[in-house]
Amino acid sequence: MAVTDIDLDLLRELHRQIVTIREFETELLHASRRGDLADATHLCLGQEAIAAGTMAALRPDDLITSTHRGHGHCIAKGADTRRMMAELYGKASGYCRGRGGSMHIADFSLGICGANGIVGAGMPIANGIALAAMLKGTGQVCLSFFGDGAANQGSFHEALNLASIWKLPVVFVCENNQYAVSMAASESMAIENVADRAAGYGMPGVVVDGNDVLAVREATTAAVGRARTGGGPTLLECKTYRISGHYAMDPDRYRPREEKQWWEKHNDPVERSGQLLVERSVSADELTALRKRIRTEVRDAHRLAKDDEPCPDTIETCADIYTPQEPLADSGPVPDGSPDKTFVEALGQAIAEEMERDGRVVLIGEDVGKRGGAFQVSAGLMERFGTDRVRDTPISEAAIVGCGVGAAMQGLRPICEIMFSDFVTVAMDQIANQAAKMRYMFGGQVSVPLVIRATSGCAGRARGAQHSQSLEAWFMHTPGLKVVYPSTPAEAKGLLTAAIRDADPVIFLEHKGLLQDVGPVPEGEYVIPLGKAAVKREGADLTIVSYARAVHIALHAAKRLEGEGIGVEVIDLRTLVPLDAQTLLASVRKTGRVLVLTEDCQTAGAAAEIIATITDNAFDALKAAPLRITARDVPLPYSQPLESCALPNSSIVADAAKRLVQA
Ligand SMILES: Cc1ncc(C[n+]2csc(CCOP(=O)(O)OP(=O)(O)O)c2C)c(N)n1
């Protein structure tokens with residue numbers, strides 16, 4: 001399209017945005033050089049036209065995920081530079097109340113669904129955002145920005161594939177500034193263009209001059225139009241160059257000086273967009289005045305943020321990790337006459353009832369649909385609720401969980417199934433860096449009501465080290481997650497129902513050794529609020545604290561000890577985060593002796609944390625040092641005798657309990 005055909009006001013606006021980004025980033029560069037700013041400030045100098053050009057193709061309610069180099073995206077999407085500056089200075093009036101900083105600016109009211117400090121992480125999340133838009137029928141499109149370096153991350157490949165097969169309304173925008181820190185794109189890829197990879201995922205790949213704002217706008221308009229009308233994703237590669245170092249204080253010795261100078265002198269987006277206005281008879285004086293005005297505005301914003309805005313109150317240090325919510329009503333004991341069900345059936349019932357009750361609940365995972373889940377938990381749900389809400393995925397754990405994160409942020413209630421908890425390793429960034437941190441990092445702007453279900457523990461079926469591990473301690477160690485691990489079919493139903501209704505990310509572990517257990521399960525709505533332990537057996541001499549299958553080992557040992565005149569109280573924690581310290585400590589105060597039993601291994605494990613809670617709060621009540629019986633610190637072996645030797649059993653527990661009572 002010829003420049004004469006473009007609305008002059010639009011050209012002015014594009015140039016204004018480009019200049020604003022340039023002035024903002026230049027101001028930050030100077031502030032960093034003076035030592036005023038954190039050095040993890042990544043500037044997008046030289047890349048401004050991509051932000052302005054892409055955003056000009058969007059509706060105001062369209063959405064974006066951004067990167068560590070995301071100031072320009074935020075400004076072009078309408079963010080307030082004063083609040084951005086305040087965030088960069090860690091001030092209370094910043095976008096994330098000082099908790100996010102340069103790499104985590106978000107404004108959900110403007111559709112800025114978060115910049116991201118993890119290279120490549122935004123793309124799976126964008127899929128979830130787009131999925132929510134698609135299922136809600138809003139017509140929104142999500143742009144997901146990333147760099148040439150990020151195109152070598154697994155998350156890129158998983159996300160593009162999933163977006164393509166699900167025809168999600170997303171546009172993947174690669175800002176190819178030709179370097180990932182010091183590594184040139186030509187060294188990190190064996191092909192010329194990132195966009196060439198689109199062919200492998202069955203979507204259009206488009207290369208555009210990223211310093212030509214109108215070309216960027218035109219290409220984005222086409223891609224957005226395609227996405228909005230059900231045509232699916234596009235990979236849009238904008239070729240550009242960052243004219244500053246990787247971060248503000250980067251000495252940047254790895255790029256030829258002449259190369260930098262060429263881009264600065266001959267391909268500067270500010271000059272080029274200004275030239276478009278000159279061609280439309282806008283005077284040089286007007287452009288100079290505009291730049292001066294913007295510079296003053298940016299400097300005022302900077303001064304205000306640095307000198308005048310207050311820091312957050314330290315009382316806020318631990319705010320917004322979890323979402324404040326009304327406590328759920330406890331359905332109470334299992335009614336007499338409740339029909340017997342397996343653990344698997346109880347889980348399936350909880351999901352089905354919640355899907356029936358709440359149209360926002362969707363199930364995502366490998367084989368969850370046609371096959372009914374690896375363990376048959378979701379059998380029949382695809383037929384009942386349709387393929388929109390029960391979604392089979394490729395084997396792409398990071399894409400599955402990332403999709404859940406994005407969809408949850410946009411108001412769905414996704415349940416992501418990971419077949420075996422051992423496989424969460426592949427999705428751990430999305431769990432620990434994204435789901436767990438979003439709410440806090442973005443200053444409480446957003447909640448992530450996501451359930452990640454995974455079978456866990458050892459079923460005694462010789463599944464070996466990569467299908468048997470107990471990984472609850474990893475999740476307990478991650479602020480922002482809740483961790484649930486039930487021991488009976490009824491509790492599986494009640495707790496999963498509560499997990500799905502919870503506003504925060506919940507890791508819901510299903511012990512493989514319990515899946516075929518049978519027990520009474522209430523019909524209809526049945527809720528056990530998270531964070532409530534159960535006293536499974538009362539006793540006066542010793543408390544055994546446990547959860548999941550180990551509870552049954554504890555009960556077995558307790559029964560044996562009863563014959564020997566030892567009264568054992570068994571506490572089933574049911575939820576590890578939040579931990580019901582009240583029930584735990586009340587029992588310890590009553591018996592004065594405690595044994596913590598887990599199938600988790602010992603070092604830095606769940607048992608250590610539970611014991612620390614006891615000694616921190618009830619040391620005075622203890623008649624003997626607390627004891628822990630755990631799995632040995634080994635990857636679980638395959639051979640049956642070895643596997644048994646690695647795990648606790650009721651004889652070991654009973655013997656230890658006797659010693660403890662006699663101590
Ligand atoms: C998963 C991950 N690995 C490494 C880093 C450190 N890191 C931050 S930015 C960056 C380079 C990213 O390059 P690219 O994707 O091309 O974006 P650019 O910085 O060029 O905008 C690296 C390696 C990170 N933040 N996250």
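Order of appearance sets the numbers: ligands from 1, and atoms from 1 within every ligand.
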Cation-pi check for Y322 against R439: NZ or CZ below 6.0 Å from the six-membered ring centre and within 45 degrees of the axis, yes or no?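 So R439 doesn't make the cation-pi contact.
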
Axial cation check for F442 ring with R99, 6.0 Å and 45° limits: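 Checked: cation-pi criterion not met.
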
Looking at [X], which atoms of ligand 1 are within less than 4.0 Å of one of its heavy atoms?
{"X": "A150", "value": "15 (O)"}
{"X": "A180", "value": "13 (O), 16 (O)"}
{"X": "N177", "value": "18 (P), 20 (O), 21 (O)"}
{"X": "Q153", "value": "1 (C)"}
{"X": "D148", "value": "16 (O)"}

Sub-6.0 Å ring centroid separation between Y247 and H68: no

Is the gap between the ring centers of Y95 and H104 under 6.0 Å?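 No - the distance between ring centres of Y95 and H104 does not fall below the 6.0 Å cut-off.
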
Would one find an N or O of [X], backbone or side chain, under 3.5 Å from an N or O of ligand 1?
{"X": "H68", "result": "yes"}
{"X": "R69", "result": "yes"}
{"X": "V181", "result": "no"}

Report the relative orientation of the aromatic rings in Y201 and H157; use parallel for angles under 30°, tilted for 30 to 60°, perpendicular for over 60°. tilted

For residues E23 and H302, is any side-chain donor paired with an opposing acceptor at under 3.5 Å?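 Looking only at side-chain atoms, H302 and E23 do not form any donor-acceptor pair under 3.5 Å.
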
Top protein contact for [atom], by heavy-atom distance:
{"atom": "atom 4 (C) of ligand 1", "answer": "V119 CG2, 4.4 Å"}
{"atom": "atom 25 (N) of ligand 1", "answer": "G117 O, 2.8 Å"}
{"atom": "atom 14 (P) of ligand 1", "answer": "G149 N, 3.4 Å"}

Strictly below 4.0 Å, N to O, side chains only: are D300 and R82 in salt-bridge contact? no

Less than 4.0 Å between a side-chain N and a carboxylate O, is that true for K239 and E237? yes

Structural part of F146 in contact with ligand 1, heavy atom criterion under 4.0 angstrom: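 For F146, no heavy atom sits under 4.0 Å from ligand 1.
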
I need the contact type for E175 against ligand 1. Using non-hydrogen atoms and a strict under-4.0 Å cut-off, is it side chain, backbone, both or neither?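 Neither; nothing of E175 gets under 4.0 Å from ligand 1.
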
Going by a strict under-4.0 Å cutoff (protein heavy atoms only), does atom 23 (C) of ligand 1 have a neighbour on the protein? yes

Compute the minimum heavy-atom distance from H42 to ligand 1 and say whether it is under 4.0 Å.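 Not so, H42 does not reach ligand 1.
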
Within a reach of under 6.0 Å around CD of Q466, are more than 12 heavy atoms found that belong to other residues, nucleotides or ligands?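 Not buried by this count: 12 neighbours or fewer within 6.0 Å.
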
Evaluate the criterion side-chain contact (heavy atoms from CB on, under 4.5 Å) for residue pair T220 and L143; output intermediate values, then yes/no. CA-CA 9 Å; T220 313; L143 293 196; 4.2 Å; yes

